[in-house]
Amino acid sequence: MNIFDLYLDKIIILIKRLNKEGSLELPESLNGINVDIPPPNFDCDLSTNVAMVLSKVNKKSPIVVANTLINLIKSEDEKIESISVAKPGFINIKFKSIYWNNFIENVNENYKNFGVNIKEEKKKYLIEFVSANPTGPLHVGHCRGAILGDVISNILIFNKHDVSKEYYVNDYGNQIINFTKSVFHRIREILNNEKFPIDNPDLYPGDYLVNIANNIIDNNKNLKFDKFEDVSKELTLLSVEESLKLIKTNLAILGIVHDKFTSETEIVLNKEVEKVIQNLKEKKLVYEGKIKAPKGEDNDNWVEREQLLFKSTNFGDDKDRALQKSDKSWTYFASDVAYHNNKLNRGYDVLINILGADHAGYIKRISSVVEALSSGRNILICKVSQLVKLIKDGKPFKMSKRKGDYITVEDLISEVGKDATRFIMLNRSSDVELDFDFAKVKEKSKDNPLYYVQYCFARISSVFRHVDLDINKDLNIREYDFQYSKDEIKILKKISEWPKCIEAASLRLEPHRIPVYLYELSSEFHSYWNMGKDDLSKRFINDQKIIPNDKLVFLKVISNVIRSGMNIVGVDTPEKM
RNA sequence: GCACUCUUAGCUCAGCUGGAUAGAGCAUCUGUUUUCUAAACCGAGGGUCGGUGGUUCGAGUCCACCAGAGUGCACCA
């Protein structure tokens, strides 16, 4: 139940009727009309700009238009207590208290779907996120994007869309060869006591490779590890498999499960790259040419090469992009073109890619390709998550690839926990850099927004516990005939904003709105709770140790929204803390 | 040199397709525990929304230019 949409519909029906009767002109588009939350210092519940939108075509001031509308709106709605016009032409509506009875009844009847955006057309989404190279476990740097992608998926699923969460496995190319060589050397080290060539900068020195090597040895007794060339094919498969096992475990501790892992090697072996390039050639978007050196830089060692290029400049990119290396093998970009073609062929309405800030420069070329391959339908949305600045012991913590100098997901979660990590990483817009201070994230106080919100739920649970009710069970209340006080209505108004929060989060793919909303709601609840100290009527459990029905449904609706939101964020709502 | 993102209180940030007197938290100062969970709450101070123009009934939000910060910019993936 979205009361803003409800009243927007009512107003639009009204003005269309007036237009038909000949007493009101309408502009070409009614899209500018909205019903919104009034500023906090106004004593009203809804506010609309309809008069300001209509004033121009009717050649009347917004105030005059508003005054002709308010009596009509009020006379047709018995739940409105008062309606007024404010400069420069807003119409402000205040409901009778009975309205909030209806509201709360309505929400509790179908609380699982409260907030679901019923206007949104149901679509098929494919969201690709994480897609870290399968050369080892995930580290902190992967977390933000991983959580961002997961929660965007949760929001879309909450809104009843069809969502497939996908991980693109870059198991092809030089990095994988080097990774496999590293595993090979670790195996030789274990079996033949050969020293690992630690000085080779192409190899991966990490300790986890020893575990991978041991696992491979144990599970493949029949394999001989004499010459790299002889086992490279098989060892690549095994090494990637081990690596993916690690990654999946890491994702699982973050609470993330992908629906599909697509292998780059498979795309290449299926000749999908050749096929898609043929397709682009027919569209005259692929040619043999040279890339010019960028201006203004030191380009002394710039080598101009004739190579196969994709004409991404047709779509606004700064330069055309290489599809083939000088040895004629495919670039990463080429196989990614094929992968995106593969996605398109699977019939999704919207493709979403979650990228780290360091890959933002890649967006233009890949969206160009999708545009070209989908005949101009612009169905790829790229979401960039900005850097996370780690702060440990009050100082910035710089990660480097050198051994021991980086924090894995496992380290992170065992130190601060899954819930705190998810909540804090989401608490800011993905467009801004995020300070992740280990000490603060671990803190169990109101300085930590996760606990602040969880504590709100725990307080509600404690009330239920005191009167022997189960917060997880549906209430069986038929009579909704309550009189809510001003302070309670303030919270109910906040509850009524929940569908708006979901709508904005979903439309713009901005999950941070949810933790921000939950924090605000919790703040209002904690405030109300403390009023009970001075005013016994504000307490939930009365002196006969009973909780009245009005308080009960009131608590229920708050707890439902908090739980619903926390489910989307992917964190627990403990009943006791 | 180019591209993308950011610039809002001392610090970290919200601000919903342009809306009314710009909001939180931290920090600072101050009060609240015989009480449903003090992991909480009440109150105070703190602002030229980076700058300059423009668009209009109306700009923190849109446009142009300028300044600053971050990230990236060949065949790595």
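Every chain is numbered from 1, with letters handed out A, B, ... down the list of sequences. Computed from heavy atoms alone, side chains included, the values below leave out hydrogens, waters and symmetry copies.
To the nearest angstrom, P of rA77(B) lies 15 Å from CZ of Phe179(A). In this structure, Asn92(A) atom CG and rU21(B) atom P are separated by 13 Å, rounded to whole Å. What separates CG of Asp535(A) from P of rU35(B) is a distance of 18 Å, to the nearest Å. Following rounding to the nearest Å, Leu536(A) (CG) and rU35(B) (P) show an atom-to-atom distance of 13 Å. Here rC26(B) presents its P atom at 13 Å from CG of Asn427(A), a figure rounded to the nearest Å. The CH2 atom of Trp529(A) sits 12 Å away from the C1' atom of rC41(B) (whole-angstrom rounding). For the pair Arg513(A) CZ and rA24(B) P, the computed distance is 18 Å after rounding to whole Å. With rounding to whole Å, Glu433(A) atom CD is found 13 Å from rU8(B) atom P.
At the phosphate of rA74(B), neither OP1 nor OP2 sits under 4.0 Å from any side-chain N or O atom of Tyr362(A). For Lys325(A), a side-chain nitrogen or oxygen approaches OP1 or OP2 of rA77(B) to under 4.0 Å. Residue Lys533(A) places no side-chain N or O under 4.0 Å from the OP1 or OP2 atom of rU32(B). A close approach under 4.0 Å does occur between a side-chain nitrogen or oxygen of His466(A) and OP1 or OP2 of rU37(B). For His512(A) and rG15(B), the shortest distance from a side-chain N or O to OP1 or OP2 is below 4.0 Å. The phosphate of rA39(B) (OP1 or OP2) has no side-chain N or O of Arg459(A) nearer than 4.0 angstrom. Between Arg465(A) and rU37(B), a side-chain N or O to OP1/OP2 separation shorter than 4.0 Å is absent.
Each of Lys493(A), Lys494(A), Lys500(A) was evaluated against Glu497(A); a single residue qualifies, Lys494(A), per the side-chain hydrogen bond (donor to acceptor under 3.5 Å, both in side chains) test.
With rounding to the nearest 0.5 angstrom, the CG atom of Asn92(A) is 6.5 Å from the CZ atom of Phe42(A).
The side-chain ring of Trp302(A) is stacked on the base of rA74(B), judged by centre separation under 5.5 angstrom and plane angle under 30 degrees. Residue ring and nucleobase are stacked for Phe90(A) and rA20(B), with a centre distance beneath 5.5 angstrom and an angle between planes beneath 30°.
Side-chain atoms of Asn542(A) and Pro548(A), non-hydrogen and from C-beta on, do get closer than 4.5 Å to each other.
Residue contacts shown for Thr331(A) are limited to sugar-phosphate atoms, with no base heavy atom under 4.0 Å away. Across all strands shown, Lys319(A) has heavy atoms under 4.0 Å from sugar-phosphate atoms exclusively, and none from any base.
For rU33(B), the base adopts the syn conformation, since its glycosidic angle falls within 90 degrees of zero.
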_From CA spacing to verdict: side chain to side chain contact (heavy atoms under 4.5 Å, CB included), Tyr172(A), Glu266(A)_ = CA-CA 9 Å; Tyr172(A) 185 83; Glu266(A) 228 166 89; over 6 Å; no

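Taking the six-membered ring for Trp and the full ring otherwise, the centers of Tyr167(A) and Phe129(A) sit at least 6.0 Å from each other.
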